[in-house]
Amino acid sequence: AKTEGKDTYRYFEASMGAEARDKRVMEHELRQAVARKEFYLVYQPQKEISSGKMVGFEALIRWRHPTRGDVPPTIFIPVAEDSGAIGQIGEWVLTAACEEAARWENPLTVAVNVSAVQLHNPNFSRKVHETLLNSGLAPGRLELEITETALVKDMPRALATLRQVKALGVRVAMDDFGTGYSSLSNLRAFPFDKIKIDGSFIKSVDKNGQVAAIVRAVLGLGRGLGLPVLAEGVETLGELKFLDAEACEIGQGYYIGRPGLIEEFSELTGVDAPT
Ligand code: C2E
Ligand code: CA
Ligand code: CA
Ligand code: CA
């Protein structure tokens, strides 16, 4: 019977294919990665375009795998979302980002990405509240970035959560605007404080009339709704100049500042590298 079991297992493995097997290994590793302190955060500047003034940072997770090196979030976040590990990982991100931001000399905003799984957890707003109290971070300095895809799973639940975190004084930004569907009704239905235009619309916006028309329309939408617009993925001076001329409020991207360890921004935060 033992041999039979082994053969059955082997058959199962073979039928799964290499990709599914890799995914299973990664799910297992992700469940241990928080305890093993394999995650860290990098921060990317967000600046007011008209003045060049820093307004905040987006916190972006990094996973230093003990043997595979840095694994990009575009690879491991979807795996963590499927397996449920994102709950624990998301809590780690929120705690680490709030604790770090509370130590900065300047009261800059810290923007944290929130996945659909976190947003639909009925305890989410309570966890945000506890994290703010424990870290001492002023609620107005925390911004949660939420994609439209995260809203659609259970809209009434997502709306309830957004209202709860907003009642704490936390701000919410619609992330990756333009890449989801029914963007316009979502803007009306949910109490967002900011629109983040996806980087795919910023690429060559200064050279492509069609893309420029879309970005102008989003900026008009933001103006009409009284919501500031942040353009992400700003990679060139030409793109930045276009956005400035069109009065886009905030910019983020490699041309404005690459994501880096917080100590690389010590002139703004006063946080130096550990000695
Ligand atoms: P996102 O939220 O849209 O984050 C912006 C991504 O664009 C980041 O990639 C950033 O490094 C990259 N980026 C910034 N400026 C430029 C630019 O000028 N050009 C280009 N081509 N890319 C730029 P990253 O850090 O690899 O993160 C990828 C995605 O992974 C994020 O997209 C977000 O969806 C997810 N993610 C990252 N950190 C977290 C996290 O803590 N929690 C959750 N749930 N998701 C996260
Ligand atoms: Ca984001
Ligand atoms: Ca984004
Ligand atoms: Ca994006």
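Along the sequence shown, residues carry numbers from 1.
Side-chain rings of Phe39 and Phe76 approach one another, their centers coming within less than 6.0 Å.
With sequence neighbours excluded, no residue forms a salt bridge (charged side-chain N to carboxylate O under 4.0 Å, His left out) with Asp244. The side chain to side chain donor-acceptor pair (under 3.5 Å) test applied to Lys166 returns Asp193, not counting sequence neighbours. Looking at residues two or more places apart in sequence or on another chain, you find a salt bridge (charged side-chain N to carboxylate O under 4.0 Å, His left out) between Asp82 and Lys23. Partners of Phe124 under the ring pair (Phe, Tyr, Trp, His ring centres under 6.0 Å) rule, at least two apart in sequence or in another chain, do not exist in this structure. The salt bridge (charged side-chain N to carboxylate O under 4.0 Å, His left out) search around Arg68 returns Glu29, not counting sequence neighbours. With sequence neighbours excluded, the residues forming a side chain to side chain donor-acceptor pair (under 3.5 Å) with Lys194 are Glu143, listed by chain and number. The side chain to side chain donor-acceptor pair (under 3.5 Å) search around Thr74 returns none, not counting sequence neighbours. Under the side chain to side chain donor-acceptor pair (under 3.5 Å) criterion, Glu58 pairs with Asn113, Lys196, Gln252, sequence neighbours left out. Judged as a side chain to side chain contact (heavy atoms under 4.5 Å, CB included), and not counting sequence neighbours, the contacts of Ser200 are Thr179, Asp198.
Without hydrogens or angle criteria, Arg171 side chain to Gly140 main chain gives a donor-acceptor distance under 3.5 Å. Of the possible polar contacts, one joining the Glu249 side chain to the Val229 backbone as a donor-acceptor pair under 3.5 Å is found. Between the side chain of Asn121 and the main chain of Asn123, a donor-acceptor pair closer than 3.5 Å is present. The backbone N or O of Leu119 sits less than 3.5 Å from a side-chain atom of Thr161, completing a donor-acceptor pair. The backbone N or O of Gly260 sits nowhere less than 3.5 Å from a side-chain atom of Glu264 that would complete a donor-acceptor pair. The backbone N or O of Thr109 sits nowhere less than 3.5 Å from a side-chain atom of Arg141 that would complete a donor-acceptor pair. At distances below 3.5 Å, at least one donor-acceptor pair connects side-chain atoms of Gln118 with backbone N or O atoms of Ser115. Within the 3.5 Å criterion, the main-chain N or O of Gly257 finds a donor-acceptor partner in the side chain of Gln44.
Taking CG of Asn106 as the start and CG of Leu268 as the end, the distance is 6.0 Å to the nearest 0.5 Å. Here the CZ atom belonging to Phe242 is positioned 10.5 Å from the CD1 atom belonging to Ile49, to the nearest 0.5 angstrom. In this structure, CG in Leu243 is found 7.0 Å from CG in Leu219, a value given to the nearest 0.5 Å. Put simply, CD on Glu235 and CG on Leu240 are 12.5 Å apart, with the number rounded to the nearest 0.5 Å. The distance from atom CD1 of Ile256 to atom CD of Glu232, rounded to the nearest 0.5 Å, is 11.0 Å.
Counting only heavy atoms from C-beta outward, the side chains of Glu27 and Val79 approach each other to under 4.5 Å. Side-chain contact between Leu94 and Leu142 is present, with heavy atoms from C-beta onward closer than 4.5 Å. A heavy-atom distance below 4.5 Å is found between the side chains of Phe177 and Val218. With a 4.5 Å cut-off on side-chain heavy atoms, Thr95 and Asn134 do not count as touching. Residues Thr131 and Leu137 form no side-chain contact, since every pair of their non-hydrogen atoms from C-beta on lies 4.5 Å or further apart. Taking the side chain as every heavy atom from C-beta outward, Met26 and Asp22 never approach each other to under 4.5 Å. Within the 4.5 Å cutoff, the side chain of Leu225 has no heavy atoms near those of the Phe192 side chain. Within the 4.5 Å cutoff, side-chain heavy atoms of Leu221 are placed close to those of Leu184.
Two different hydrophobic clusters hold Leu41 and Leu261 under the rule that ILVMFWY side chains link at heavy-atom gaps under 4.5 Å. Under the 4.5 Å side-chain contact rule for hydrophobic residues, Leu168 and Val93 share a cluster. In the hydrophobic clustering of ILVMFWY residues, with side-chain heavy atoms under 4.5 Å counting as a link, Met155 and Val172 come out together. Under the 4.5 Å side-chain heavy-atom criterion for grouping Ile, Leu, Val, Met, Phe, Trp and Tyr, Leu60 is not connected to Ile146 through any hydrophobic cluster. Put simply, Val42 and Ile262 are part of two different groups of oily side chains (I, L, V, M, F, W, Y) that touch within less than 4.5 Å, one to the next.
Across all their heavy atoms, Phe265 and Pro45 have their closest contact at CE2-CG, 3.6 Å. Closest approach of Cys98 to Ser135, counting heavy atoms only: CB-OG, 3.6 Å. Nearest heavy atoms, Trp63 versus Ala33: NE1-CB, 3.7 Å. A pairwise comparison of heavy atoms in Ser125 and Gln164 identifies OG-OE1, 2.8 Å as the closest pair. Between Gly233 and Glu239 the shortest heavy-atom distance is O-OE1, 3.9 Å. Between Arg31 and Ser83, the shortest heavy-atom distance links the atoms NH1-CB, 4.4 Å.
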Exercise. Just do the side-chain contact (heavy atoms from CB on, under 4.5 Å) check on Leu162 and Leu151 with the steps written out, would you?
Key: CA-CA 10 Å; Leu162 288 198; Leu151 300 172; 4.3 Å; yes
Exercise. Test side-chain contact (heavy atoms from CB on, under 4.5 Å) on Glu148 and Asn186 and set out the steps.
Key: CA-CA 7 Å; Glu148 285 169 279; Asn186 288 338; 3.2 Å; yes
Quiz item: Ser51 and Glu48: side chain to side chain donor-acceptor pair (under 3.5 Å), yes or no, with the steps?
Solution: CA-CA 6 Å; Ser51 65; Glu48 186 178 79; 2.5 Å; yes
Quiz item: For Thr67 and His65, what are the C-alpha separation, side-chain angles and deciding distance, and is it a side chain to side chain donor-acceptor pair (under 3.5 Å)?
Solution: CA-CA 6 Å; Thr67 55; His65 188 279; 3.2 Å; yes
Quiz item: Step by step, would you call Tyr40 with Ile61 a side-chain contact (heavy atoms from CB on, under 4.5 Å)?
Solution: CA-CA 6 Å; Tyr40 63 99; Ile61 193 170; over 6 Å; no
Quiz item: Would Val71 and Arg64 count as a side-chain contact (heavy atoms from CB on, under 4.5 Å) if you check the C-alpha gap in whole Å, the side-chain angles of each, and the deciding distance to 0.1 Å?
Solution: CA-CA 7 Å; Val71 184; Arg64 180 151 297 153; over 6 Å; no
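In this structure, Tyr43 and Trp104 have perpendicular ring planes: the angle between them is above 60°, well past the 30° mark.
Hydrophobic cluster membership for Val55: Leu230, Ile250 (Ile, Leu, Val, Met, Phe, Trp, Tyr linked by side-chain heavy atoms under 4.5 Å, directly or transitively).
Within the structure, every pair that satisfies the salt bridge (Lys or Arg N to Asp or Glu O under 4.0 Å) test and touches residues 88-117, not counting sequence neighbours, is listed here: Glu91-Lys127.
Within a 6.0 Å radius of CZ in Arg163, other residues, nucleotides and ligands contribute 12 heavy atoms or fewer.
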Side-chain donor-acceptor pairs of residues 201-214 under 3.5 Å, sequence neighbours excluded:
| residue | atom | partner | partner atom | Å |
| --- | --- | --- | --- | --- |
| Asn208 | OD1 | Gln210 | N | 2.9 |
| Asn208 | OD1 | Val211 | N | 3.2 |

